[in-house]
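Single-structure report; data block below.
Throughout, a chain's letter reflects where its sequence line sits, starting with A, and its residues are numbered from 1. From a predicted model like this one, the values you see are computed outputs, not experimental measurements.
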Amino acid sequence: MAAVAQDTAVSTGRVTRVFIYLVLLLFALFYLLPLYVMGINSVKPLSEITGGNMMALPQVWTLAPWASAWSTAQIGVEPTGLKPYFLNSILMVVPAVAISSIVGALNGYILTKWRFRGDTWVFGLMLFSCFIPFQIVLIPMAVVLGKLGLAGSVPGLILVHVVYGIGFTTLYFRNYYAAFPTELIRAAQIDGAGFFRIFWRILLPVSGPIAVVSVIWQFTNIWNDFLFGASFGGTSQPMTVALNNLVQSSTGVKEYNVHFAGAILAALPTLFVYIVAGRYFVRGLMAGSVKG
Amino acid sequence: MAASSAVDFRTRLQDWLPKLVLAPSFAVTLLFVYGFILFTIFLSFTGSKMLPRFTWVGFENYEKLWALPAWHTAIVNIAIFASLYIVICTAIGLMLAIFLDQKIRGEGMLRPIYLYPMALSFIVTGTAWKWFLDPGIGLQHVMRQWGWESFTFTWIKDSDMAIYTIVLAAVWQTSGFVMAMFLAGLRGIDNEILKAAQIDGASNWQLYRRIVIPLLRPAFLSAFVILSHLAIKSYDLVVALTGGGPGRATEMPATFMYSYTFTRNQMGIGASSAVIMLMTIAAIMVPYLYAELKEKK
């Protein structure tokens, strides 16, 4: 009866267990390897990379590659470093995440608590939009952004990310609110509470877990986006595009240490978010994607 | 009377309010998703070059597209990439999930290590692997320095093998995420079923093959849908890792569409390749979403 309290009822022998631990550790090394390589080589002088060993610890520790990646490295034609692009990304991500999450919350509320004829169709059409290959909208989007005078600007990128983000945020909030007892909403209605009041006073206070998921999902996707940034960024390119320009530049010596420092800079915000709130993210992502 | 009509107006407003609030999202979706899809489909039947033009050319772009060697390369590459990527990610994800589910000490440490690549941009992943696989400074160089003089690993510079480096980097990025999906599925299985089978004398192997894996069907389906979607969209990773090269050896539909539309000024052909990408994804997604939404009712 000892097995009752255990995670799984399957029991394994000693040899099998050693094998299992070995495989798990090997894969942990596999996943950590690129991070180790990036980290260790971003604090080495360039000569130690080209002449030395990529896996070895630095003989001379230096933060110069980080300083260069941040403020002086050649991005495209300008020696500006990644700093201005990092700011572009922040200016783009914060409003885009906030708007798409709020709109998604309202949509989810309506699609579960104020149902109407054809609401499944409305939701289905919005849901499918999450899964289109964005190549299909690139050309008309370029035309429309040009007509609106938003091409190559941060507001243009915010618009694009909100438009193609609300499908996912609506999905998350809809699935979450579906489990909330509708009787409570009806009771509040009988007491005279209106549409926004019910949302504000009853649903929003319990939306914490799913709001975390929506914000992290949107933040990661928008921060990491490359296709829209490269197509519509113009002079307001986000971090990913700048990093790619830095790494692919064909002029001069390839400064691998600066590239690695730049790559870590581009990864830091999402890694930070993931480390702080990753647990909720995975839990919610499972609820959202496995259940549909 | 005035009071009652004001009340009347308020209730009418309350009835309409939800639809009014939802309307902008729906309108935006109709315009920016479905309107744009129709526009791109329309463009694929026109002689658009650098800018959209409205001269109808019928199926000419599609005929040209399928006659292009670069498109053939892209199709072959996406077939190799997608099948290997989906199969390997699923296999590694399932294996790691089953192993982690054996009351492993340190599971709390291992899980985030497996998962963190998912938080990175494909551009970051591509940069890391690009230099790690570079024969001049990366793995080959390291092995030779460690004394294995004849060690050779030049896949990333080899037109026949470069596509497999993309598979490697993509598997590195997503297999941990697939693991999490399977782990969630495993944790949802009722232990009583497993115990009953054990009492009936089933071995561990039989237990997993006959009972657990069939019960994970929904997780397999979700993994397949998400991975195939990621595979067809793959653009950033190719750009960062190989830039479509060496030569055009790692061209994919996504990179093909971009270069024909925006750098080669063949917008009609670019649009027709985008339409084919959409049709491929729709063939996978529509039945899946339809089944999911019907079930929910």
Side-chain angles (χ1 to χ4, degrees), chain A residues 6-10 12 20 23-24 27-28 31-32 34 37-38 49-50 53-55 103 106-107 110 114 120 122 124-129 131-133 135-137 139-141 143 163 166 194-195 220 224 226-227 240 243-244 247 256 259 263 266-267 270-271 274 278 282 286 289-290 292, chain B residues 14 17-18 21-22 25-26 28-29 32-33 36-37 39-40 43 96 99 101-103 110 112-114 116-117 119-121 123-124 127-129 131-132 137-138 142 145 176 180 184 191 194-195 198 204 207 222 229 232-233 235-236 240 254 257 261 267 271 274 277-278 281 285 289 292-293:
Chain A
Q6 288 166 350
D7 280 355
T8 166
V10 179
T12 40
I20 287 175
V23 171
L24 289 176
F27 270 94
Y31 290 118
L32 286 174
V37 169
M38 281 197 288
I49 301 179
T50 46
N53 189 321
M54 203 179 220
M55 303 296 286
V103 170
L106 282 168
N107 289 347
I110 294 163
W114 298 84
T120 313
V122 171
L125 285 173
M126 291 181 74
L127 187 57
F128 179 70
S129 73
F131 296 101
I132 57 167
Q135 281 76 14
I136 197 82
V137 297
I139 303 170
M141 198 68 194
V143 174
V163 165
I166 51 178
F195 173 80
T220 321
N224 289 343
F226 177 76
L227 183 64
T240 46
L243 173 65
N244 191 54
V247 175
Y256 303 107
H259 298 175
T270 46
L271 271 183
Y274 172 80
V282 173
M286 293 305 103
S289 59
V290 178
Chain B
Q14 283 295 328
L17 207 47
V21 174
L22 186 64
S25 299
F26 189 55
V28 157
T29 307
F32 283 81
V33 177
F36 281 11
I37 288 175
F39 187 73
T40 306
L43 280 183
L96 291 178
F99 283 5
D101 199 33
Q102 309 298 324
K103 290 158 276 177
L110 289 170
I113 293 176
Y114 295 170
Y116 88 90
L120 305 183
S121 147
I123 300 290
V124 173
T127 305
W129 282 99
W131 296 143
F132 184 73
I137 59 163
V142 167
Q145 285 216 324
N191 263 336
L194 302 184
K195 277 180 217 154
Q198 276 180 327
N204 281 348
L207 207 62
S222 307
H229 170 242
I232 295 172
K233 288 213 307 195
Y235 173 73
D236 349 12
M257 186 274 165
T261 307
M267 193 175 275
M277 290 174 67
L278 176 74
I281 287 197
M285 292 309 304
L289 293 178
E292 288 277 315
L293 285 175

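- Annotation: the span from A:Phe128 atom CZ to B:Ile281 atom CD1 amounts to 8.0 Å, rounded to 0.5 Å.
- In this structure, chain A has a heavy atom under 4.5 Å from the side chain of B:Thr261, while its backbone stays farther away.
- Taking both residues in full, the closest heavy atoms of A:Met55 and B:Phe132 are given as SD-CE1, 4.2 Å, listed atom of the first, atom of the second, then distance.
- For the options A:Val23, A:Val103, A:Leu125, heavy-atom pairs under 4.5 Å to chain B are most numerous at A:Leu125.
- Considering every non-hydrogen atom in both B:Tyr116 and A:Tyr31, the closest pair reads OH-O, 2.6 Å.
- Heavy-atom pairs under 4.5 Å with chain B peak, among A:Ile166, A:Asn53, A:Val143, A:Val247, at A:Asn53.
- Of the inter-residue distances, the one linking A:Thr50 atom OG1 with B:Ile137 atom CD1 reads 8.5 Å to the nearest 0.5 angstrom.
- Proximity of A:Ile49 to B:Trp131: side-chain heavy atoms (C-beta onward) are nowhere separated by under 4.5 Å.
- For the set B:Pro112, B:Ala119, B:Pro18, B:Gly176, the count of heavy-atom pairs under 4.5 angstrom toward chain A peaks at B:Pro18.
- A side-chain donor-acceptor contact under 3.5 Å links B:Tyr114 to the backbone of A:Leu24.
- At a threshold of 4.5 Å between non-hydrogen side-chain atoms, the residues A:Leu271 and B:Leu120 count as touching.
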For this session: Please lay out, stage by stage, how B:Ile232 and A:Gln135 fare under the test side chain to side chain contact (heavy atoms under 4.5 Å, CB included).
Result: CA-CA 10 Å; B:Ile232 295 172; A:Gln135 281 76 14; over 6 Å; no
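- Distance check, rounded to the nearest 0.5 Å: CG of B:Leu110 to CZ of A:Phe27 gives 12.5 Å.
- Looking at B:Thr40, its side chain does come within 3.5 Å of a backbone N or O of A:Ile136 through a donor-acceptor pair.
- Considering all non-hydrogen atoms of both residues, B:Phe39 and A:Pro140 come closest at CD2-CB, 3.5 Å.
- Proximity to chain A (any heavy atom under 4.5 Å) is shown, for B:Met277, by both the backbone and the side chain.
- Minimum heavy-atom separation, A:Asn107 to B:Leu22: OD1-CD1, 3.2 Å.
- The NZ atom of B:Lys103 lies 10.0 Å from the CD1 atom of A:Ile20; values are rounded to the nearest 0.5 Å.
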Exercise. Where do A:Val137 and B:Val33 land on the side chain to side chain contact (heavy atoms under 4.5 Å, CB included) test, with the steps shown first?
Worked result: CA-CA 7 Å; A:Val137 297; B:Val33 177; 5.6 Å; no
Problem set entry | Residues A:Phe195, B:Val21; criterion side chain to side chain contact (heavy atoms under 4.5 Å, CB included); working and verdict | CA-CA 10 Å; A:Phe195 173 80; B:Val21 174; 3.7 Å; yes
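- With values rounded to the nearest 0.5 angstrom, A:Met126 atom CE is found 8.5 Å from B:Phe26 atom CZ.
- The shortest heavy-atom contact between B:Ala240 and A:Asn244 is CA-OD1, 3.9 Å.
- Atom CG of A:Leu127 and atom CG of B:Leu289 lie 4.5 Å apart (nearest 0.5 Å).
- With a 4.5 angstrom heavy-atom cutoff, A:Thr220 touches chain B only via side-chain atoms.
- Between A:Phe131 and B:His229, the ring-plane angle classifies as perpendicular under the 30° and 60° cut-offs.
- When every heavy atom of B:Ser121 is checked against every heavy atom of A:Asn224, the shortest pair comes out as CB-OD1, 3.3 Å.
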